[in-house]
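Numbers for residues simply follow the sequence, beginning at 1. Computation of the quantities below employed the complete heavy-atom set of this structure, encompassing side-chain atoms and omitting hydrogens, waters and symmetry-equivalent molecules.
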Amino acid sequence: MEPSYKLSSGHKIPLVGFGTWKAETTLVGKAVEAALDAGYRHIDCAAVYLNEKEVGEAFTKKFTTEATVKREDVFITSKLWNTFHKKQHVRPALERTLSDLGLQYLDLYLIHWPVAFEYSSDDIKTSGSTQEFVSIRETWEEMEKLVDAGLVKSIGLSNFNVQGLMEVLSYARIKPAVNQVELHPFLSQPELKKFCDKNHIHLTAYSPLGNGAFVNNEQVGAIAKKYNKTIPNILCKWATQKNFSVIPKSSTPSRVAENFDLFNYTIDDADILSLDNMDKNLRTCDPAKFWGVPLFN
């Protein structure tokens with residue numbers, strides 16, 4: 001049985017998930033099918049990935065057509081895009097995601113970024129990135145209503161720093177169960193982890209391979225060789241041993257299965273410390289670079 005973590009909402013999140021960011025629409029369906037076949041029971045999605053319809057087709061095939069996997073056994077996450085932060089847009093955005101994914105409910109819905117964009121239409125492809133100032137409180141209170149309505153089991157945040165989390169905790173009727181952020185040995189964010197642990201907010205690690213930047217790293221490679229594992233496998237295992245959930249992605253079936261093969265060994269304390277000591281505060285997904293918004297500086 002895959003290890004899981006019990007969220008503050010009472011629901012359990014499997015520690016190894018399958019990510020769908022940057023997955024091409026022509027490949028993502030087969031990749032999700034391969035992930036479910038390999039044993040993944042946690043799939044991470046987002047409206048802005050522009051592939052939820054294709055992911056939904058894979059869900060329909062596995063949950064209904066083939067009936068090889070039960071919907072209730074799979075933890076499915078999606079995210080509210082920046083264009084839809086105003087209160088009148090939150091529920092319609094979720095309903096579009098549910099329709100695209102072919103689902104009645106989500107296990108987890110996240111505010112994707114603590115940044116709002118001007119709304120122009122429901123079509124993300126045609127919406128821009130002109131910043132608009134919408135209070136997170138306005139958005140969060142609508143997220144809470146989604147739980148009340150039974151459309152979402154847990155709600156949370158993504159890309160929030162400690163200050164942002166403190167703000168939400170100050171007024172939240174339903175506390176955020178998860179904060180999904182970039183996490184890997186080169187950006188281990190120990191102070192964020194300390195704060196989240198204290199406030200019962202689970203951390204999910206995205207970009208565990210640093211967007212591919214670390215797959216040939218010699219230091220990690222030396223540790224991988226010791227355990228007869230690949231570098232991606234070691235980076236994902238580091239995350240789960242920290243009690244993070246982790247969402248690696250690949251469109252290659254053999255790599256999809258390889259990234260899930262984390263449960264037959266343990267990295268010893270000395271090697272975990274070596275990985276921890278690689279921290280350089282190296283962020284590979286930085287909104288200061290692509291939006292000019294220095295969230296983390």
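Salt-bridge annotation for Glu141 and Arg137: present, with a side-chain N of the basic residue lying under 4.0 Å from a carboxylate O of the acidic one. A salt bridge does not link Asp44 to Lys249: none of the charged side-chain nitrogens sits closer than 4.0 Å to a carboxylate oxygen. A salt bridge links Arg173 with Asp148: the closest approach of a Lys/Arg side-chain nitrogen to an acidic carboxylate oxygen falls below 4.0 angstrom. Between Asp100 and Arg96 there is no salt bridge, since no side-chain nitrogen of the basic residue lies less than 4.0 Å from a carboxylate oxygen of the acidic one.
The side-chain hydrogen bond (donor to acceptor under 3.5 Å, both in side chains) search around Thr284 returns Glu182, not counting sequence neighbours. By the side-chain hydrogen bond (donor to acceptor under 3.5 Å, both in side chains) test, Thr20 is found to be paired with no residue, residues two or more places apart in sequence or in another chain being considered. Asp269 meets the side-chain contact (heavy atoms from CB on, under 4.5 Å) test with no other residue; sequence neighbours excluded. Applying the side-chain contact (heavy atoms from CB on, under 4.5 Å) rule to Ala288 yields the partners Asp286, Pro294, Asn297; only residues at least two apart in sequence or on another chain are considered. Under the rule for a side-chain hydrogen bond (donor to acceptor under 3.5 Å, both in side chains), the partners of Thr97 that lie at least two apart in sequence or sit in another chain are Glu52. With sequence neighbours excluded, the residues satisfying side-chain contact (heavy atoms from CB on, under 4.5 Å) with Pro208 are Cys236, Val246, Pro248. Taking Lys30 as the reference, Glu33, Lys61 meet the side-chain contact (heavy atoms from CB on, under 4.5 Å) condition, with sequence neighbours excluded. Among residues two or more places apart in sequence or in another chain, the side-chain hydrogen bond (donor to acceptor under 3.5 Å, both in side chains) test is passed with Asp107 by Arg71.
The environment of Lys125 atom NZ is sparse: at most 12 non-hydrogen atoms of other residues, nucleotides or ligands sit within 6.0 angstrom. Annotation for Glu72: atom CD counts as buried by contact number, over 12 foreign heavy atoms lying within 6.0 Å.
In this structure, Thr60 contributes its side chain and Gly56 its backbone to a donor-acceptor pair below 3.5 Å. Judged purely by atom type and a 3.5 angstrom limit, Thr230 uses its side chain to pair as donor or acceptor with the backbone of Asn233. With hydrogens and angles disregarded, no donor-acceptor distance shorter than 3.5 Å links the side chain of Trp81 to the backbone of Phe117. In terms of modelled atom types and a separation under 3.5 Å, the side chain of His200 and the main chain of Ala177 share no donor-acceptor contact. For the pair Asn199 (side chain) and Phe195 (backbone), a donor-acceptor distance under 3.5 Å is present. Between the side chain of Lys87 and the backbone N or O of Thr139, no donor-acceptor pair lies under 3.5 Å.
Between the CG atom in Leu146 and the CG atom in Leu80 there is a gap of 8.5 Å [rounded to 0.5 Å].
Within the structure, every pair that satisfies the side-chain hydrogen bond (donor to acceptor under 3.5 Å, both in side chains) test and touches residues 206-218, not counting sequence neighbours, is listed here: Asn159-Tyr206. Residue pairs satisfying the ring-ring contact (aromatic ring centres under 6.0 Å, His included) criterion with at least one member in residues 221-242, sequence neighbours excluded, are listed as follows: Tyr227-Tyr265, Trp238-Phe244. Pairs engaging residues 4-13 under the side-chain hydrogen bond (donor to acceptor under 3.5 Å, both in side chains) rule: Ser9-Ser154 [sequence neighbours left out]. Applying the salt bridge (charged side-chain N to carboxylate O under 4.0 Å, His left out) test to residues at least two apart or on different chains, the pairs with a partner in residues 257-266 are Lys229-Asp261.
What you find for Pro114 and Ile136 is that their closest heavy atoms are CA-CD1, 4.0 Å.
The aromatic rings of Trp21 and Tyr49 sit tilted relative to each other, their planes meeting at an angle between 30° and 60°. Aromatic ring orientation, Tyr40 versus Phe260: tilted (interplanar angle from 30° to 60°).
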| said: Is there a side chain to side chain contact (heavy atoms under 4.5 Å, CB included) between Asn179 and Thr204? Walk through the geometry before answering. | reply: CA-CA 6 Å; Asn179 186 25; Thr204 294; over 6 Å; no
| task | Take Leu101 and Cys45 through the side chain to side chain contact (heavy atoms under 4.5 Å, CB included) test and state the conclusion after the steps. | result | CA-CA 9 Å; Leu101 292 174; Cys45 314; 4.2 Å; yes
| field | Worked check of side chain to side chain contact (heavy atoms under 4.5 Å, CB included) between Leu157 and Gln180 | value | CA-CA 6 Å; Leu157 306 164; Gln180 185 181 123; over 6 Å; no
| query | Taking it one step at a time, do Arg91 and Glu95 satisfy side chain to side chain contact (heavy atoms under 4.5 Å, CB included)? | reply | CA-CA 6 Å; Arg91 179 162 175 162; Glu95 289 173 340; 2.9 Å; yes
| request: Take Phe18 and His42 through the test ring-ring contact (aromatic ring centres under 6.0 Å, His included) and record every step on the way to the result. | output: CA-CA 6 Å; Phe18 182 73; His42 172 184; over 10 Å; no
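Between Lys86 and the options Glu142, Glu138, Glu118, Glu132, a salt bridge (Lys or Arg N to Asp or Glu O under 4.0 Å) holds for only Glu132.
Remark: Arg41 is not positioned above the aromatic ring of Phe75, lacking an NZ or CZ atom under 6.0 angstrom from the ring centre and at most 45 degrees off the axis.
Using modelled atom types and a 3.5 Å distance limit, the side chains of Thr126 and Ser121 yield a donor-acceptor pair.
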